[in-house]
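Each chain gets a letter, A, B and so on, in the order the sequences are listed, and its residues count up from 1. Below, each value reflects all heavy atoms present in this structure, side chains not excepted, and no hydrogens, waters or symmetry copies. Since this is a predicted model, take the numbers as computed values, not measurements.
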There are 2 protein chains.
Amino acid sequence: MNPADLGLPVDVPSTALFTDQYELTMLRAALRAGTAERRSVFEVFTRRLPEGRRYGVVAGTGRVLDAVENFRFDSGVIGFLRERGIVDDETLDWLAAYRFSGDIWGYPEGQVYFPGSPVLRVEGSFAECVLLETVILSILNHDSAIAAAASRMSSAAGDRPLIEMGARRTHELAAVAAARAAYVGGFTTTSDLAAGFRYGIPTVGTSAHAFTLLHDTERDAFRAQVDSLGRGTTLLVDTYDVAEAVRTAVEVAGAELGAVRIDSGDLLLVAHRVRQQLDALGAKDTRIIVTSDLDEYAIASLAAAPVDAYGVGTQLVTGSGHPTCSMVYKLVARAESADPKAPLVPVAKKSSGGKTSLGGRKWAARRPDPYGVAEAEVVGTGPVPAELADHQLLVQLVKGGEVVAREPLDVVRDRHIAARAGLPLSATQLSRGEPVLPTEYLVGRSGS
Amino acid sequence: MNPADLGLPVDVPSTALFTDQYELTMLRAALRAGTAERRSVFEVFTRRLPEGRRYGVVAGTGRVLDAVENFRFDSGVIGFLRERGIVDDETLDWLAAYRFSGDIWGYPEGQVYFPGSPVLRVEGSFAECVLLETVILSILNHDSAIAAAASRMSSAAGDRPLIEMGARRTHELAAVAAARAAYVGGFTTTSDLAAGFRYGIPTVGTSAHAFTLLHDTERDAFRAQVDSLGRGTTLLVDTYDVAEAVRTAVEVAGAELGAVRIDSGDLLLVAHRVRQQLDALGAKDTRIIVTSDLDEYAIASLAAAPVDAYGVGTQLVTGSGHPTCSMVYKLVARAESADPKAPLVPVAKKSSGGKTSLGGRKWAARRPDPYGVAEAEVVGTGPVPAELADHQLLVQLVKGGEVVAREPLDVVRDRHIAARAGLPLSATQLSRGEPVLPTEYLVGRSGS
């Protein structure tokens, strides 16, 4: 079976309609004005982190590459645009032939970012680049928001595994991307089968309260589950009385019972009691999994509790208070023609309201202090200072329209852990604060 | 072109993997225990509204019907489940033959709801119903959250049109569902082409700052846009200096200029100045569209400003502070066999932590006061009191596995406006408060 048949978010035949209408009307006007082919540089960045957050996490880059590769206008899409009269025939012909042929550079997925970090840079003609704005921002804004929350939770959880179980709290396909982003941010497994299918993320899950309620007694339910899934299963013990359920669970499964799950109540207190009870019953290796409306703060508060794993849903898939990033996609430089030798002119909106941006094609580097700990995010135009040359952050992702930087999700996950570990220790404080690195700007002559 | 080819969220060949793994392991255990076929009733409800909200809005029901219809396990999915060892062969055979054959009742889409409202009721065997939990909750929790925010915004906007433009701030497919939910909640148009393609929602959009920056002068950009899109277009006037841009815009397009868009700054002040300037230039019919990080409060604060339309992005697609509802899918009654004559036994979790639910198969009615204004949400088990018979809220959506209640989105949108209009006036106050209707419970003998 082809993943596309499931409508999963990446391997769809076309991503071209995940686009705001104005991208197409701008294209239409630029084609007519003769400016569509001007060589252009767009950058994705954010002016600020969500309030109180210490760092951001780049996630979704792999999905962006898939989206760019699949961004094409087939006859069905063209027919729709014609019928609606959104663009003229000249533009439709141009779209029918569309394939992105430019270059994309970006922070590698899993890397951390700060205000002003050019997390993605898209270069090509104005026409081919402007069309990608919406789908690129959709993916990065969503996935990076989830990964940032996941990273805070995985910091708080330390070595204890984290289970992503938020599918029911978000759009069914956003859930698949959320499970992927959670994995990038340090989660261990997911309950979402589509995420297992599409991205190979390990999946887990055993039973819900409905299963206990279906049966005449809790004992019947536990026995049915153990008969089917084995003694290593996880029994849910808070449908009726927790202490009685734990006793029944060990009676049914023996001391080899894999785990018990607690989904309500005062988790700190209940976990201690259940641990004592399990130990007293000889089930010293039976693990305790907790899963009730957890966020990074609740996880941190359970650090001293005898908890072996956390299941996180709502707060993960909603970005723990920040369900989207504020990444924007801005034209930062353009030439007066398609000629690769024509100089790039930095451009930027200049208006009231604090939305001013820095023009020019940018590089970025993370400057380490003498001990190797990051001390500043340096963003600049023009030549890269020699001492920063080895600390540059952008890597090439697409070259002449070809994706050149696909990588397994485990590589991305490891990169995130390493990148986070390279930040000052205060990065992992959960309390509100300023970004853990300052962003410094070095404005040189704009590169061409 | 088939919409399925785009991977859009509804018409996918299968929705069966939008499922938490435990649904399948519960099925496996119940099949083995002989309890899988027990006649069961599951209900979707929420224990509370998001803090301060006066009412909820049911949205996504149409998408749920599509998801149920497409919920099947083809050979690719079966192969994945086998390879992962998630269920045994007996269960795989059962899944391969799966088609939902039960009944679904629910609040019609667009209706409002309150804590405890049984917004959806799914009846059939335990096995066939339990599998649908995740995908049903994903859809309703997401879409209802967006529709609730949209409804507050459309209340605040009054007769002025609302443009949905949040695609870039949320997952690319969640964006399509969000545009649909926004339309249900009273929005007028969307910028998202996929939403236009899939759901027929009117689409709009003209240009961004990049288009102005691409050109050598703002005048060149405006001329290019007007040449291509006509004088009725909307020119973006805040790239450099707003007053100068407005002057240039009218010089280029004449007094027939369709609209100007303001995307930054003090919108109240700028809108007044721009209106004065447009009027002085003779462009009295040129409209003013504002689009800068609006939410329902910002929209309300602009009620006295000379604004003709609002574009809303981030705050809409993130549910204006509440990106998900807390709807749950609970087994509320089950028989001891598949026999339709076997009595339904009410069931409910009883545990600490405030998660106790009311068991039993429920009806719901909205009781009007003598003036026809709703005064209470009445939720009950057993017989419906005669005086409430004509005010019942649940309608049949699926009968014996067949969808029986498809309807056009405009019908849903009109229903929402009517349902909101039937609530006490305080429903549309934006300030925080209690749900505008109390929920009253009438516990009778559980119906069978």
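Counting heavy-atom pairs under 4.5 Å between each of Gly321(A), Gly79(A), Ala33(A), Ala210(A) and chain B puts Ala210(A) at the top. Per-residue counts of heavy-atom pairs under 4.5 Å with chain A were compared for Ser326(B), Ala175(B), Gly359(B), Ser40(B); the largest is that of Ser326(B). Ranked by heavy-atom pairs under 4.5 Å with chain B, the first of Thr134(A), Val204(A), Val135(A) is Val204(A). Looking only at heavy-atom pairs under 4.5 Å with chain A, the residue among Glu23(B), Gln225(B), Arg28(B) that has the most is Arg28(B).
Side-chain contact between Arg63(A) and Glu172(B): present, with at least one pair of heavy atoms (C-beta onward) separated by less than 4.5 Å. Taking 4.5 Å as the limit, some side-chain heavy atom of Leu193(B) sits within range of a side-chain heavy atom of Leu81(A). Put simply, the side chain of Leu214(A) reaches to within 4.5 Å of the side chain of Arg38(B), judged on heavy atoms. In this structure, the side chains of Leu331(B) and His209(A) stay at 4.5 Å or more apart for every pair of heavy atoms. Residues Asn141(B) and Thr170(A) are not in side-chain contact: their nearest non-hydrogen atoms beyond the backbone lie 4.5 Å or more apart.
Minimum heavy-atom separation, Cys325(B) to Arg169(A): O-NH1, 3.7 Å.
From Met26(B), atom CE reaches atom CZ of Phe211(A) across 8.0 Å, with rounding to the nearest 0.5 Å.
Looking only at atom types and distance, the side chain of Thr35(B) has a donor-acceptor partner in the side chain of His215(A) under 3.5 Å away. Thr212(B) and Lys349(A) are not linked by any side-chain donor-acceptor pair at a separation below 3.5 angstrom, with hydrogens and angles left out of the test. When only modelled atom types and interatomic distance are considered, Gln21(B) and Ser191(A) share no side-chain donor-acceptor pair under 3.5 Å.
Within the 4.5 angstrom heavy-atom criterion, no atom of Arg223(B) approaches chain A.
Counting only residues at least two apart or on different chains, the salt bridge (charged side-chain N to carboxylate O under 4.0 Å, His left out) pairs with a member in residues 318-336 of chain A are Arg334(A)-Asp216(B).
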